[in-house]
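Heads up: numbering here begins at 1 and tracks the sequence.
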Amino acid sequence: MPWITCLEGGPKRVNHAAVAVGHKIYSFGGYCTGENSREYTSMDVHVLNTTTLRWTQHPVSDLPYFENDDILPYKRYGHTAIVYGEKVYIWGGRNDRASCSTLFCFDTVWHCWTAPKTTGHFPPARDGHTACLWKNYMIIYGGYEEHSDSFAQLIYHLNLDTMHWTYVPIGGPEPSARDFHTTVVINDRMYLFGGRGTLVDHFVGGRQMMYCNELWYLDLNTFTWHHCEVTGTVPVGRRSHSAFVYDEKMYIFGGYNSDRDRHYNNIFEFDPKTNVWKKLSVSGKKPCRRRRQACVLVGDRVYMFGGTSPHASVSSSSRNLDDKLRDHSDMHVLDFKPTLKTLCIMAVRKYKIEDSNLPQNLRTDIYNMYTPNKIFLNRPNNSAG
């Protein structure tokens, strides 16, 4: 299970949302330091062809946003995206002015945005929440609600066939409210890890930030929370990390803990069959420590891109976090089951073997695997290629 390549030149985005549809990864929105997210321009869409490892910018990114137009979502960060069929559903998030509660749908066949009409008990606008797909439901949990100025704890789900929102009452003990956590679904259970919350400090008479490393799961058949009694090497509590599922196991990567003022680039595995955490040792050139990146699984590979991390030249003792962060446009690929072809390509690169006598298709694969990206605007008539 090595990191097989690192490519620069992708979309420089932080707190973006990304999903896989077939062999393509769609990345929606996010921000980059220095950009003005108060400008109401439409959300940009970048597409990665995982076969060629090339990024393109989708043409809908160039469309203007009109404040009274509910079809084009404005740029945002801290939103979520899930895939149902060949459509991507975007919910929540915010820009520097306000958060959003409108549901948007991006059609990957017709390459257009719609804003489906929904009914029911709508969740309040928020960012830093999670969205999971279970059967035909999009389940929203956590985040920071603008109207109450507090961390959210209530659960809502949207029936994607009827477009009806439902508030889901929960019984029994619940995890603490939080944002920038992760949730994944494995066998009718939604597993929750990490995030940022607050804890009442009776000694100082106020609240302090909390980074919990407890693991909880929500039984999706009964909508009851359960606290997991785990063993093994338990990750430090963190926020803005990534989580993904492979072979019915949960993996987390990266994240940040402000109590320790530390970013992470390690990978942990949780096996729900044994309730055991394991810290993995992964070969290859690993990503630098970071948070707010995206990790998307396609087949046996995980594509990690974007995020932000400390400048190496800035002292770790500095508490001014914004001044010492740099945003990333790189992409790293983690391969759970590298093929013999992949291993041979890596050997050609590692040992600087002359490749001019190799077949053209192999030379093309080597080029794609190690040549930095340069993003071009794709056209509608070839965006499905």
Is the [X]-[Y] ring centre distance short of 6.0 angstrom?
X: W55; Y: F305; answer: yes
X: F106; Y: H111; answer: no
X: H46; Y: F28; answer: no
X: Y251; Y: F336; answer: yes
X: Y137; Y: W165; answer: no

Please round to the nearest 0.5 Å and tell me the distance separating atom [atom1] of [X] and atom [atom2] of [Y].
X: C132; Y: I82; atom1: SG; atom2: CD1; value: 9.5 Å
X: M190; Y: L133; atom1: CE; atom2: CG; value: 12.5 Å
X: H332; Y: C6; atom1: NE2; atom2: SG; value: 3.5 Å
X: L53; Y: T371; atom1: CG; atom2: OG1; value: 10.0 Å

Is it the case that the side chain of [X] and the backbone of [Y] share a donor-acceptor pair, with hydrogens and angles ignored and the cut-off at 3.5 Å?
X: N361; Y: T364; result: no
X: H241; Y: G254; result: no
X: D300; Y: K337; result: no
X: W277; Y: P235; result: no
X: D219; Y: T224; result: no
X: R290; Y: G306; result: yes
X: D355; Y: L358; result: no
X: R126; Y: A152; result: no
X: R291; Y: H263; result: no
X: N373; Y: I375; result: no

Between [X] and [Y], is there a shared hydrophobic cluster once you connect ILVMFWY residues whose side-chain heavy atoms come closer than 4.5 Å?
X: V230; Y: Y191; result: yes
X: V298; Y: Y246; result: no
X: W134; Y: L158; result: no
X: L218; Y: I186; result: no
X: L48; Y: V45; result: no

Output, in order, the C-alpha distance, side-chain angles, deciding distance and verdict of ring pair (Phe, Tyr, Trp, His ring centres under 6.0 Å) for Y156 and H121.
CA-CA 8 Å; Y156 297 81; H121 192 164; 5.6 Å; yes
Would you call [X] and [Y] a salt bridge, taking side-chain N to carboxylate O under 4.0 Å as the test?
X: R13; Y: D44; answer: yes
X: K341; Y: D365; answer: yes
X: E248; Y: K273; answer: yes
X: R196; Y: D179; answer: yes
X: D335; Y: R301; answer: yes

Could you pull out the closest heavy-atom pair between [X] and [Y], with the gap in Å?
X: H16; Y: G29; answer: CB-O, 3.4 Å
X: M138; Y: A131; answer: CG-CB, 4.1 Å
X: T108; Y: E86; answer: OG1-O, 2.6 Å
X: T308; Y: L325; answer: OG1-CB, 3.6 Å

Heavy-atom side-chain contact between [X] and [Y] under 4.5 Å:
X: S258; Y: Y211; value: yes
X: P287; Y: W3; value: yes
X: V296; Y: V302; value: no
X: Y31; Y: K75; value: no

How about CZ on F122, more than 12 heavy atoms from neighbouring residues, nucleotides or ligands closer than 6.0 Å, or not?
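Enclosed: over 12 neighbouring heavy atoms sit under 6.0 Å from CZ of F122.
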In terms of side-chain heavy atoms, does [X] have a donor or acceptor partner in [Y] at a distance below 3.5 Å?
X: Q293; Y: S242; answer: yes
X: T119; Y: H164; answer: yes
X: R238; Y: S240; answer: no
X: T130; Y: H181; answer: yes

Results of side-chain contact (heavy atoms from CB on, under 4.5 Å) for L343 - residues two or more places apart only:
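L343 satisfies side-chain contact (heavy atoms from CB on, under 4.5 Å) with P338, M346 only.
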If you link ILVMFWY side chains whenever their heavy atoms are less than 4.5 Å apart, which other residues fall into the same cluster as Y264? By chain and number, please.
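Besides Y264, the cluster holds V236.
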Kindly assign one of parallel, tilted or perpendicular to the pair [X] and [Y], based on the angle between their ring planes and the thresholds 30° and 60°.
X: H227; Y: W216; answer: perpendicular
X: Y84; Y: Y89; answer: tilted
X: H157; Y: F223; answer: tilted

Within 45° cone of F180 ring axis and under 6.0 Å: R178 NZ or CZ:
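No, R178 does not lie over the aromatic ring of F180.
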For H129, run the ring pair (Phe, Tyr, Trp, His ring centres under 6.0 Å) check against Y141, F151, W91, Y144 and tell me which one passes.
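Of the listed residues Y141, F151, W91, Y144, the ring pair (Phe, Tyr, Trp, His ring centres under 6.0 Å) partner of H129 is W91.
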